Amino acid sequence: MPELPEVETVARSLEKGQGSEAGILNQKIIKAEVDWAKSVATPSLRLFKSRIKNQRVLRVGRRAKYIHIQLSEDALLVHLRMSGDLLIGRQPEDLGKYSRLRIYFDSGQILSFNDARKFGRVWLIKDPSEIYAGLGPEPLGKDLSNDDFYLALQKRKRQLKPLLLDQSFIAGIGNIYADEALHAAQLHPLSIANQLTRADADRLLQSIRVVLEEAIRRNGSSIDWSYKGGEFQNQFAVYQKTGEECPRCGEKILRIVVGQRGTHFCKNCQALL
DNA sequence: AGGGAAACCCGAACGC
DNA sequence: TGCGTTCGGGTTTCCC
């Protein structure tokens with residue numbers, strides 16, 4: 001399992017306080033309860049409940065947007081999608097009305113997967129490499145050099161916005177951070193990847209890192225009612241700022257739709273290449 | 001290969 | 001007050 005800085009998803013899951021993952025370390029699972037069957041992507045519900053029993057938590061990490069909870073026999077992977085959260089409590093009734101799945105430990109602690117919109121999924125799997133197989137490099141850490149990134153961009157004739165959201169190209173960037181990183185790098189979301197100069201590519205990778213690291217530091221973004229712990233929304237330059245002034249040049253922020261995703265940018269400082 | 005669209009979800013925020 | 005509609009997040013799947 002990769003040892004990497006946490007991204008938004010982990011920051012969100014751990015919002016109850018640093019070390020909440022340490023609170024379940026080495027503990028033994030005694031049972032699992034599942035209210036929303038579809039939240040278990042694999043295996044079958046029956047197998048999930050029987051197989052997870054008696055396993056211990058060895059470590060907690062992350063790959064792309066997956067939280068990786070390594071158990072004695074299997075890996076428990078959690079993808080929060082947009083409204084998911086991981087909470088730890090001692091009473092089921094403290095876990096809120098959107099608790100979809102609960103894992104009980106012998107210590108009396110309960111790990112709850114909450115998800116108002118039922119988009120998130122968990123996997124209990126011996127070898128998670130098949131799930132990780134299609135993922136691109138991590139933008140944080142040393143996984144990706146400036147050379148690698150420039151070369152990868154050169155090979156693609158694709159608009160930057162959908163490319164940044166493509167988890168097989170680069171892992172871990174969501175819609176908010178794609179818009180913010182492109183603005184920070186002064187690149188138009190519709191510019192074509194192989195048109196970027198080396199300097200553009202360097203600036204883009206640097207911007208992705210700055211944006212993600214700052215977002216992690218601020219526990220992610222709270223953009224609606226479903227997650228309240230984040231602070232990064234207070235730093236948005238363009239995301240959901242349609243019609244407001246660009247913090248760099250004062251031009252009005254525009255909103256377009258690219259690949260069915262809302263896309264916010266400043267046409268003055270993000271010129272189309 | 002790349003792009004577009006639909007499907008999966010549901011509470012909030014709107015319009016009437 | 002109460003209906004109906006739209007929205008948006010990430011991913012997969014299908015189709016051009």
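All chains are named by letter (A, B, ...) in the order of the sequence lines, taking the proteins before the strands, and each is independently numbered beginning at 1. No experiment lies behind these values; they were computed from the predicted model shown.
The separation between A:Lys118 atom NZ and C:dG10 atom C1' is 18 Å, rounded to whole Å. Note: CG (A:Asp166) to P (C:dG10) measures 13 Å, nearest angstrom. Rounded to an integer number of Å, the gap from A:Ile173 CD1 to C:dG10 P is 11 Å. Rounded to whole Å, atom P of C:dG8 lies 17 Å from atom OH of A:Tyr177. Taking atom NZ on A:Lys65 and atom P on C:dT12, their separation rounds to 10 Å, with Å as the unit. For the pair A:Tyr132 OH and C:dT11 P, the interatomic distance rounds to 13 Å; values are reported in whole Å. We find that CZ of A:Phe169 is positioned 19 Å from C1' of C:dG10, with the value rounded to whole Å. A:Leu165 places its CG atom 14 Å from the P atom of C:dG8, with the value rounded to the nearest Å.
At the heavy-atom level, A:Arg156 lies under 4.0 Å from the strands shown only through sugar-phosphate atoms.
A donor-acceptor contact closer than 3.5 angstrom is absent between the side chains of A:Tyr98 and A:Ser83. Defined by atom type and a distance below 3.5 Å, a donor-acceptor pair is present between the side-chain atoms of A:Glu33 and A:Tyr104. Under 3.5 Å, the side chains of A:Asn146 and A:Asp202 contain a donor-acceptor pair of N or O atoms. Between the side chains of A:Gln55 and A:Ser72, no donor-acceptor pair of N or O atoms lies under 3.5 Å.
A pairwise comparison of heavy atoms in A:Ala184 and A:Arg248 identifies O-NH2, 3.6 Å as the closest pair.
Between A:His79 and C:dT11 there is a side-chain N or O to OP1 or OP2 distance below 4.0 Å.
Interatomic distance, A:Leu153 CG to A:Arg158 CZ, rounded to the nearest 0.5 Å: 12.0 Å. The CZ atom of A:Phe113 sits 6.0 Å away from atom OG of A:Ser39, with the distance rounded to the nearest 0.5 Å.
Within residues 255-263 of chain A, the residues having any heavy atom under 4.0 Å from DNA chain B are, by residue number, A:Gln260.
No donor-acceptor pair closer than 3.5 Å links the side chain of A:Glu231 to the backbone N or O of A:Asn219.
Ring-centre distance between A:Phe265 and A:His188: below the 6.0 Å cut-off.
Chain A approaches DNA chain B over the interval B:dG2 to B:dA12, counting the first and last nucleotide 5' to 3' with an atom under 4.0 Å from its heavy atoms.
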